[in-house]
K.L.:
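Dropping the structure in here first, questions after.
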Number of protein chains: 2
Amino acid sequence: MTTPRAERTRARLQACALELFTAQGYDATTVEQIATAAGVSHMTFFRHFPTKESVLVEDPYDPLIAEAVRAQPTDLPPLERVRRGLLGAWSAVPPPVDAETRKRVSIMAVHPGLRAKAWENNQRTEQVIVEALMAAGTSRLEATVAAGACLGAIMAALVQWGTTDDDAPLGAYIVTAMTQLDPTGGPR
Amino acid sequence: MTTPRAERTRARLQACALELFTAQGYDATTVEQIATAAGVSHMTFFRHFPTKESVLVEDPYDPLIAEAVRAQPTDLPPLERVRRGLLGAWSAVPPPVDAETRKRVSIMAVHPGLRAKAWENNQRTEQVIVEALMAAGTSRLEATVAAGACLGAIMAALVQWGTTDDDAPLGAYIVTAMTQLDPTGGPR
DNA sequence: CCAGGAAATGTTAGTAACTAACATTGCGTC
DNA sequence: GACGCAATGTTAGTTACTAACATTTCCTGG
């Protein structure tokens, strides 16, 4: 039900923000500047994005991931279920990764504060995975640890992908990360 | 070389902060209030702690961890080296965990923003582990993923310990977390 | 005991990310 | 073309944090 006008200003804000961030750096860019560049006031910015960082992130894949984890056979250990679930979710519905995505990740990857904020998002994903596991009888501690480990690994891979020059696809990094958590050592 | 006077005000600030946080919540407590409670100005607060959150955290164990990881046999896979290193560092020099520590962790555990900030600290630890692994010839990607996975698991265990009522020692949670990453399934 | 100097703290003024309350403008519908 | 609601603007705050400079406190040597 989002109005087309709102959607346009939202996109404009995102584009201007990305441009300014790459041009002069994240910290050196103020919300006021972004808003002005997009032709709106700073209040409008905050109506579309709750925080300055949120203009860089968006990640509506949580339900998908939860489903993929839930679909794993319950006789596997929790860590393995999360590992296969994440891998499966990725290969089933690979999110679009374009040049803009890369730019966004790059900005985040080199900025400790932003990486931390990105982790805040991860926490929501973690919650979702934990619930999926607990629904199958796993204890909360085991579930949280399994989710934390896998997401920690994926986050690390994401940051690496964002800082390297090499133009391998993000998917390759994700697969590497998850394979490393394979107790069998995975395919060699 | 820290002067005794400075050390005392630092401690006073920490104590007052903890008290106010537990009494009225982290967000509802202003730095000004903490400073006033400690009998100093807000500038003094920031001279001792770079940010508001930093009054809750401190974690000078990075060198220890790096050493423990470095000491692992290099023919083990990276993840296993980190896993054993962290487990070893913990059992070798368990940090003092008192009621105050628990209070601090509790405050952090229920506050998403604070958890994210705590992750910012983790990143420094991650860096240290990555360097230790790379010194033994591991690729940066593999090293980062191994460190990210283990720290993600430990972080998850820490948060669980901070939110549960059960008074099991933190060490038990850490061991559980690391055991879950054991590819052999660990001791049953 | 007191003077000198450095470390710790205070004062003041400023920036930037947010928030709340209320006014205004644009845009589709009847 | 008026009406009504969503999107935006204005204004005035609060709070974390920084910089520059003034002041106090405390230790040390004479």
Side-chain angles (χ1 to χ4, degrees), chain A residues 1-21 23-58 107-108 111-121, chain B residues 1-21 23-58 107-108 111-121:
Chain A
M1 269 307 121
T2 54
T3 243
R5 174 154 73 125
E7 195 50 49
R8 266 183 301 137
T9 52
R10 203 188 127 91
R12 219 181 325 137
L13 281 167
Q14 235 163 2
C16 291
L18 199 58
E19 192 167 346
L20 286 169
F21 289 164
Q24 35 175 298
Y26 177 84
D27 288 324
T29 304
T30 142
V31 171
E32 196 70 50
Q33 288 174 353
I34 300 172
T36 306
V40 295
S41 80
H42 81 275
M43 270 308 301
T44 296
F45 177 93
F46 286 114
R47 282 200 254 264
H48 287 278
F49 303 97
T51 64
K52 179 180 171 186
E53 321 94 48
S54 60
V55 78
L56 268 180
V57 216
E58 51 189 21
I107 294 172
M108 178 206 89
H111 191 299
L114 281 176
R115 282 199 299 233
K117 283 294 177 177
W119 183 254
E120 210 168 330
N121 270 35
Chain B
M1 271 310 134
T2 56
T3 247
R5 175 157 70 127
E7 195 51 48
R8 266 183 301 138
T9 52
R10 203 189 127 92
R12 218 180 327 135
L13 281 167
Q14 234 162 6
C16 292
L18 199 58
E19 193 167 343
L20 287 169
F21 288 163
Q24 36 175 293
Y26 176 84
D27 287 326
T29 304
T30 140
V31 170
E32 196 68 50
Q33 287 175 354
I34 301 171
T36 306
V40 296
S41 80
H42 81 276
M43 271 307 302
T44 297
F45 177 94
F46 285 114
R47 288 204 181 91
H48 288 277
F49 303 98
T51 64
K52 180 180 171 186
E53 322 94 48
S54 60
V55 78
L56 268 180
V57 214
E58 51 188 21
I107 295 173
M108 178 206 88
H111 192 299
L114 281 175
R115 281 200 299 233
K117 283 293 179 179
W119 183 255
E120 212 168 329
N121 269 34

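Within every chain, numbering begins at 1; the chains are lettered A, B, ... in the order of the sequence lines, protein sequences first and strands thereafter. All values below come from the heavy atoms of this structure, side chains included, with hydrogens, waters and symmetry mates left out.
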K.L.:
Check whether any side-chain heavy atom of E53(B) lies under 4.5 Å from a side-chain heavy atom of E120(B), and answer yes or no.
P.N.:
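The answer is no; the side chains never approach within 4.5 Å.
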K.L.:
Who pairs with E7(A) by salt bridge (Lys or Arg N to Asp or Glu O under 4.0 Å), at least two apart in sequence or on another chain?
P.N.:
none
K.L.:
How many Å lie between CZ on F45(A) and C1' on dC18(C), as a whole number?
P.N.:
11 Å
K.L.:
Give every donor-acceptor pair under 3.5 Å between a side-chain atom in residues 35-48 of chain B and any protein atom, sequence neighbours left out.
P.N.:
unit_1 : atom_1 : unit_2 : atom_2 : d
T36(B) : OG1    : E32(B) : O      : 2.8
S41(B) : OG     : M43(B) : N      : 3.4
H48(B) : NE2    : T9(B)  : OG1    : 3.3

K.L.:
Just the rounded figure in Å: distance from C1' of dG9(D) to CZ of R47(A).
P.N.:
7 Å
K.L.:
State whether T9(A) places a side-chain N or O below 4.0 Å from either non-bridging phosphate oxygen (OP1 or OP2) of dT8(D).
P.N.:
yes
K.L.:
Tell me, please, which residues at least two apart from R5(A) pass side chain to side chain contact (heavy atoms under 4.5 Å, CB included).
P.N.:
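R5(A): side chain to side chain contact (heavy atoms under 4.5 Å, CB included) contacts with T3(A), R8(A).
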K.L.:
Would you call the rings of Y26(A) and H111(A) parallel, tilted or perpendicular if under 30° counts as parallel and over 60° as perpendicular?
P.N.:
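Geometry flag for H111(A) against Y26(A): perpendicular rings.
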K.L.:
If you restrict it to nitrogen or oxygen atoms, what contacts under 3.5 Å exist between nucleotides 24-29 of chain D and the protein, and what is each distance?
P.N.:
none

K.L.:
Nearest whole Å is fine: how far is dT15(C) P from F46(B) CZ?
P.N.:
17 Å
K.L.:
Not counting sequence neighbours, which residues clear side chain to side chain donor-acceptor pair (under 3.5 Å) with Q33(A)? List them please.
P.N.:
none
K.L.:
Just the rounded figure in Å: distance from C1' of dT14(D) to CG of D27(B).
P.N.:
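Whole-Å distance recorded here is 13 Å.
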K.L.:
Hey, does V31(A) have a side-chain heavy atom less than 4.5 Å from the side chain of V55(A)?
P.N.:
no
K.L.:
In chain order, what residues pass the side chain to side chain donor-acceptor pair (under 3.5 Å) check against Q24(A), with sequence neighbours excluded?
P.N.:
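Counting only residues at least two positions away or on another chain, Q24(A) forms no side chain to side chain donor-acceptor pair (under 3.5 Å).
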K.L.:
Of all of residues 31-43 of chain B, which get a heavy atom below 4.0 angstrom from DNA chain D, listed by number?
P.N.:
V31(B), H42(B), M43(B)
K.L.:
In this structure, how many angstroms lie between the P atom of dT9(C) and the CZ atom of R10(B), rounded?
P.N.:
12 Å
K.L.:
Which residues in residues 49-58 of chain A have at least one heavy atom lying under 4.0 Å from any atom of DNA chain D?
P.N.:
none
K.L.:
Report the distance from atom OG1 of T29(A) to atom CD1 of I34(A), rounding to the nearest 0.5 Å.
P.N.:
6.0 Å
K.L.:
Just jot down the salt bridge (Lys or Arg N to Asp or Glu O under 4.0 Å) partners of R115(B), sequence neighbours excluded, or say none.
P.N.:
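Result, salt bridge (Lys or Arg N to Asp or Glu O under 4.0 Å) vs R115(B): none returned.
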K.L.:
Going by heavy atoms in the side chains, are M108(B) and V57(B) under 4.5 Å from each other?
P.N.:
no
K.L.:
Does a side-chain N or O of T3(A) approach OP1 or OP2 of dC27(C) to a distance below 4.0 Å, or not?
P.N.:
no
